[in-house]
Amino acid sequence: MHFKYNFYIYRMKAQVADLNFELLISYDKIEKRIKALAALINADYKGRTPVLVGVLNGSFLFTADLIKEIDIPVEVTFTKLASYFGGISSTRKIRDDFDLTINIKGRDIILVEDIVDTGNTLHYLIDKLKVREPASITVCSMLLKPKALESTINELKYVGFEIENEFVVGYGLDYKELGRNLRGIYRKIS
Ligand code: IMP
């Protein structure tokens, strides 16, 4: 069977390392949703200059696409945390790989996440940043697994898509560091 785009990054099905995945959310849908999220941010932060903090590695594509749709003055920076360590479920251990390089005191912070699963990583990061007295912190996550969330995150204001409690790759998300270059988001089938 021939798909319109028969390249690895456009496929309906994809193998990533030893696992098989199928398309869950196309890049087309992702693009549309990002425009809607950016419109909310543009309205909510009008007259202010928020700092978008991309949480690496998973959010690098989302941060890049989101910032292109934001039409108010905005800064962008990154921090790096890791919690899955190559598996398909949360290890609950968070490794702090690199910290913010800017002073966030008095600033409006928007944390940009790829996915919120148990929510432990975000709680850790929010607690760490609150001590530095930003004016505000909100979170914009591409994906949310509501059934996996262990406690409410009040700061989680912008969510791209809610998904079932299943393992996904693509659009920045990895399995064993692979699959980040898939254009859409894929769910594990076997
Ligand atoms: P949490 O601390 O359990 O909310 O996990 C957050 C982090 O785990 C995310 O930023 C991802 O790096 C990783 N993660 C959670 N679910 C998935 C998934 O389905 N695929 C790939 N990585 C995931």
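Each ligand, and each atom within it, is numbered from 1 in the order the structure gives. Position 1 is the first residue of the sequence, and the numbers go up from there.
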Could you tell me whether some N/O pair between [X] and ligand 1 is separated by less than 3.5 angstrom?
{"X": "Gly119", "result": "yes"}
{"X": "Thr121", "result": "yes"}
{"X": "Val168", "result": "yes"}

Does Leu122 reach the side chain of Glu155, with side-chain heavy atoms less than 4.5 Å apart?
->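 No. Closest side-chain heavy atoms not under 4.5 Å.
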Compare all side-chain heavy atoms of Phe161 with those of Leu24 and state whether any distance is below 4.5 angstrom.
-> no
Non-hydrogen atoms of [X] versus ligand 1: any pair closer than 4.0 Å?
{"X": "Lys145", "result": "yes"}
{"X": "Asp174", "result": "yes"}
{"X": "Val169", "result": "no"}

Which atoms of ligand 1 sit under 4.0 Å from any heavy atom of Leu173?
->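 By the 4.0 Å cutoff, the relevant atoms are 21 (C), 22 (N).
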Provide the number and element of each atom of ligand 1 under 4.0 Å from a heavy atom of Glu113.
-> 10 (O)
Where's the contact between Ile115 and ligand 1, heavy-atom distance under 4.0 Å: side chain, backbone, both or neither?
->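 Ile115 to ligand 1: contacts from backbone and side chain alike.
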Answer with side chain, backbone, both or neither: which part of Glu166 has a heavy atom less than 4.0 angstrom from an atom of ligand 1?
->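 The answer is the backbone.
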Please list all pairs passing the salt bridge (charged side-chain N to carboxylate O under 4.0 Å, His left out) test where one or both residues lie in residues 131-141, with sequence neighbours left out.
-> Asp99-Arg132, Lys105-Glu133
Cluster overlap Ile34 with Leu143, hydrophobic side-chain contacts below 4.5 Å |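 Shared cluster, yes.
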Should the pair Lys130-Asp127 be classified as a salt bridge under the 4.0 Å nitrogen-to-oxygen rule?
-> no
Pair Glu164 + Arg187: basic N to acidic O under 4.0 Å |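 So Glu164 does not pair with Arg187 through a salt bridge.
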Who passes ring pair (Phe, Tyr, Trp, His ring centres under 6.0 Å) against Tyr175, sequence neighbours left out?
-> Phe167
